[in-house]
Amino acid sequence: MVIGALENAKSRGLINFKQIPEFLIEVPREKEHGDFACNVALLMAREARQAPRGIAEVLVELMEKSGHPVEKIEIAGAGFINFFLDRSWLYEIPLTVYNSKDKYGFNEKKAKKVQVEFVSANPTGNLHMGNARGGAIGDTLANILERAGYDVEREFYINDAGNQIKIFTDSMEARYLQLTGHDVQFPENGYAGRDLIDTVRNIIARYGENLYDLPREERRQIIADYALEEKIEYIKKTLASFGISYDLWFSEKSLHENGKIEAVLNDLREKGYIYESEGAWWFKSTAFGDEKDEVVLRANGMPTYFMADIAYHQNKFERGYDWVINVWGADHHGHVARMKGAIEALGYNPARLDILLMQLVRLYRAGNIVRMSKRTGTTVSLDELIEDVGKDAARFFFVMRSPDSHLDFDLELARQKSQENPVYYVQYAHARICSIFRQARAEGITLAGINEIDISCLKEEEELAILRKIADFPEEIAIAARTLAPHRIAHYVLDLAAMFHSFYNHHRVLNDNRALQDARLLLMEITRITIHNALGVLGVTAPEQM
RNA sequence: GUCCCCGUAGCUCAGCUGGACAGAGCAACGGCCUUCUAAGCCGUGGGCCGGGGGUUCGAAUCCCUCCGGGGACGCCA
């Protein structure tokens, strides 16, 4: 319609321009500005050497309105053209939502495979707040991508090899020997968490107190194998109680054992990206814009974590994902450039790898920062957090802020089940709607057949606002997926809940006007469905009663 | 020193592929429960969008620079 007017204006010589600029038709923030707004007149002002408002007037005059559900067109502000649609399109929404139910918000299938790897905590201790945020963000993002039409797989990379495991084993061994009556020094940089002692007790229960008598390597093997398995099981259980389940738990050790690391190293060497210096072997990541090169093979012959990670990522691409997303803590940001460089060196397009860096969590208790350190064992663990504030509040809190933003998590505040906690605000909206239906059932009222309902009874501003908001949901999912912005969904559902609460306080659903009551019951049902589905994306439950 | 994130209302933050008067929650103050859950609603006050330059018809949004806070710069992961 706009383009038609532009061409018409050009051919009549009313506006001079070479090419139609890339103008936008968008939904304005303010509803006074119509359902859609177009900025083309402002963009053309310069080239056409005319005032934007003048251009807009010419265009509006020439627009062919027939065949479009446009009620009126206004020119406003500096030269925006605002379109006001009639309401017919809004009244299509309830049918769509009602028929889609749990699937409302899902976009069309894209036939693209995307993998999201997140948490991937070291299996050497409890999950801490950083892991928890990564879990909430990663899982929510995976949910968003599924609804955006991707074929999604969730993966946990188990760092069950390398130096950390050696230190872990040292610590376990020392604890074991101490607890079985041997005078052994605890390693200086060992893991001091109390949970290790519990694990050692379990080892004693299973293998007895006489592992000291075995050859050292055999003893360490038994301890390490048992401890790792127990820790991984523990992590799986904790994440499950956080609403997260993975498609694959990928073992770093397997890369070492099946020769993949060597193979990738040789591949890179042949391509000329590996060189020797100071006794070690380096990857030339500066060739891909990194600040400095990175060791992949230590002077002692052991591959570094980075080397294993290269092999791991090659494995990911070999598995045929179109898009690979890693959720990392911001402390890994220095790793991004060389990882992408390595992907490129291996011959894959680094644009297929996205790394979502999330800023760290600061934990507060009564206004004071709680230090987090696995070494000293003073962490607040994820399962303690879930016990304290509940899965729903925790997941909502972690995902509410942009990943780019530091997260201040105040334990005292989150523990309070009060109005300060936004998750209750949304859940309350859902429970309230359910309550309306309970009340209706008690009075013998049920939702009328969808085709018997006259939706155009809904004319109140609050009602139309809810309809517009619900109509936005699929697009909101698409934007959140494209921009890797899980917090958008938290904000979306807060907005929708606010609109519902406002409606609820101004109008009654159950009333004497039968046609209006039917229409409002349907409005409530599709609102409930949308809140339910949006909370589902966040991994938060939608209670029927509170 | 180099790199990344942040700096918006008293507090915590959203808005950042430039657009119409800068938004929300909490806190403060004032209203609303004889009818569907007051964990709610309605209203009031509160902002050199860290400072300064630049690009643009137009900048919280893009660029440069400075300041402040956090983080990363290991043959750790």
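Note that this is a predicted model, so its numbers are computed, not measured. Just so it is clear: chains get the letters A, B, ... in the order the sequence lines come, proteins before strands, and each one is counted from 1.
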Using the ring of each side chain (for Trp, its six-membered ring), is [X] parallel, tilted or perpendicular to [Y], with breaks at 30° and 60°?
X: Y191(A); Y: F168(A); answer: perpendicular
X: F156(A); Y: Y246(A); answer: perpendicular
X: Y305(A); Y: Y157(A); answer: tilted

Using a 4.0 Å heavy-atom cut-off, does [X] contact any base of the nucleic acid, only the sugar-phosphate backbone, or nothing at all?
X: S435(A); result: base
X: Q427(A); result: nothing
X: S402(A); result: sugar-phosphate
X: H487(A); result: sugar-phosphate
X: Y504(A); result: base
X: E278(A); result: base

[atom1] of [X] versus [atom2] of [N]: gap in Å, rounded?
X: R338(A); N: rA77(B); atom1: CZ; atom2: P; value: 11 Å
X: R298(A); N: rG74(B); atom1: CZ; atom2: P; value: 14 Å
X: H507(A); N: rG40(B); atom1: NE2; atom2: C1'; value: 15 Å
X: D160(A); N: rA77(B); atom1: CG; atom2: C1'; value: 13 Å
X: H332(A); N: rC4(B); atom1: NE2; atom2: C1'; value: 14 Å
X: H406(A); N: rU8(B); atom1: NE2; atom2: P; value: 13 Å
X: H335(A); N: rA72(B); atom1: NE2; atom2: P; value: 15 Å
X: R432(A); N: rC33(B); atom1: CZ; atom2: P; value: 15 Å

Exercise for the section: Using heavy atoms and a sub-4.0 Å distance, could you list which residues of residues 249-256 of chain A are near RNA chain B? By number, please. Expected result: none

Practice task
Give, ordered by number, those residues of residues 518-526 of chain A having at least one heavy-atom distance below 4.0 Å to an atom of RNA chain B; if nothing qualifies, reply none.
Solution key: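 Here the set is empty: none.
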
Below the 4.0 Å mark, does [N] have OP1 or OP2 next to a side-chain nitrogen or oxygen of [X]?
X: R362(A); N: rC5(B); result: no
X: S502(A); N: rG40(B); result: no
X: R401(A); N: rC6(B); result: no
X: Y424(A); N: rG25(B); result: no
X: K292(A); N: rU2(B); result: no

Counting only side-chain heavy atoms from C-beta out, which of [options] sits nearest to [X]?
X: V509(A); options: rC36(B), rA38(B), rU17(B); answer: rC36(B)
X: D408(A); options: rU12(B), rG70(B), rC76(B); answer: rU12(B)
X: E291(A); options: rC3(B), rC75(B), rG40(B); answer: rC3(B)
X: R508(A); options: rU35(B), rG70(B), rU17(B); answer: rU35(B)
X: N505(A); options: rG40(B), rU17(B), rA77(B); answer: rG40(B)
X: H506(A); options: rC41(B), rA77(B), rG70(B); answer: rC41(B)
X: D404(A); options: rC41(B), rC6(B), rC3(B); answer: rC6(B)
X: A280(A); options: rA77(B), rC5(B), rC75(B); answer: rC75(B)

Problem - Within 45° cone and under 6.0 Å: R338(A) NZ/CZ vs F283(A) ring - result: no

Can you tell me the pairing partner of [N] across any strand shown, Watson-Crick or G-U wobble, with both distances under 3.5 angstrom?
N: rC48(B); answer: none
N: rA39(B); answer: none
N: rC26(B); answer: rG10(B)
N: rG18(B); answer: none
N: rC62(B); answer: rG54(B)
N: rG1(B); answer: rC73(B)

Using the [atom1] atoms only, state how far [M] lies from [N], rounded to an integer number of Å.
N: rC33(B); M: rC42(B); atom1: P; answer: 16 Å
N: rG30(B); M: rG23(B); atom1: C1'; answer: 22 Å
N: rC64(B); M: rA24(B); atom1: P; answer: 33 Å
N: rC13(B); M: rG7(B); atom1: C1'; answer: 12 Å
N: rA9(B); M: rC75(B); atom1: P; answer: 42 Å
N: rG68(B); M: rC62(B); atom1: C1'; answer: 23 Å
N: rG25(B); M: rC63(B); atom1: C1'; answer: 34 Å
N: rG51(B); M: rG43(B); atom1: P; answer: 31 Å

Problem - Anti/syn call for rC6(B), syn if |chi| within 90° - result: anti

Output yes when [X] and [Y] qualify as a salt bridge under the 4.0 Å nitrogen-oxygen rule, no when they do not.
X: E117(A); Y: K316(A); result: yes
X: K231(A); Y: D195(A); result: yes
X: R520(A); Y: E463(A); result: yes
X: K284(A); Y: D293(A); result: no
X: E461(A); Y: R468(A); result: yes

Problem - Residue pair M400(A) / P422(A): nearest heavy atoms and the distance that separates them - result: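 Scanning both residues completely, I find the closest heavy atoms to be SD-CG, 3.5 Å.
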
Handout entry: Beyond-backbone contact of L447(A) with L522(A), side-chain heavy atoms, under 4.5 angstrom
Key = yes

Problem - Student check: side-chain heavy atoms of M358(A) and L356(A) closer than 4.5 Å - result: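 M358(A) does not reach L356(A) side chain to side chain.
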
Practice task
Report yes or no: is there a donor-acceptor pair, N or O only, under 3.5 Å between the side chain of H501(A) and the base of rC41(B)?
Solution key: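 No pair found.
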
Exercise for the section: Mark yes or no for whether N315(A), through its side chain, and A311(A), through its backbone, hold a donor-acceptor pair below 3.5 Å. Expected result: no

Practice task
Return yes when atom CD of E344(A) has more than 12 non-hydrogen atoms of other residues, nucleotides or ligands closer than 6.0 Å, and no otherwise.
Solution key: yes

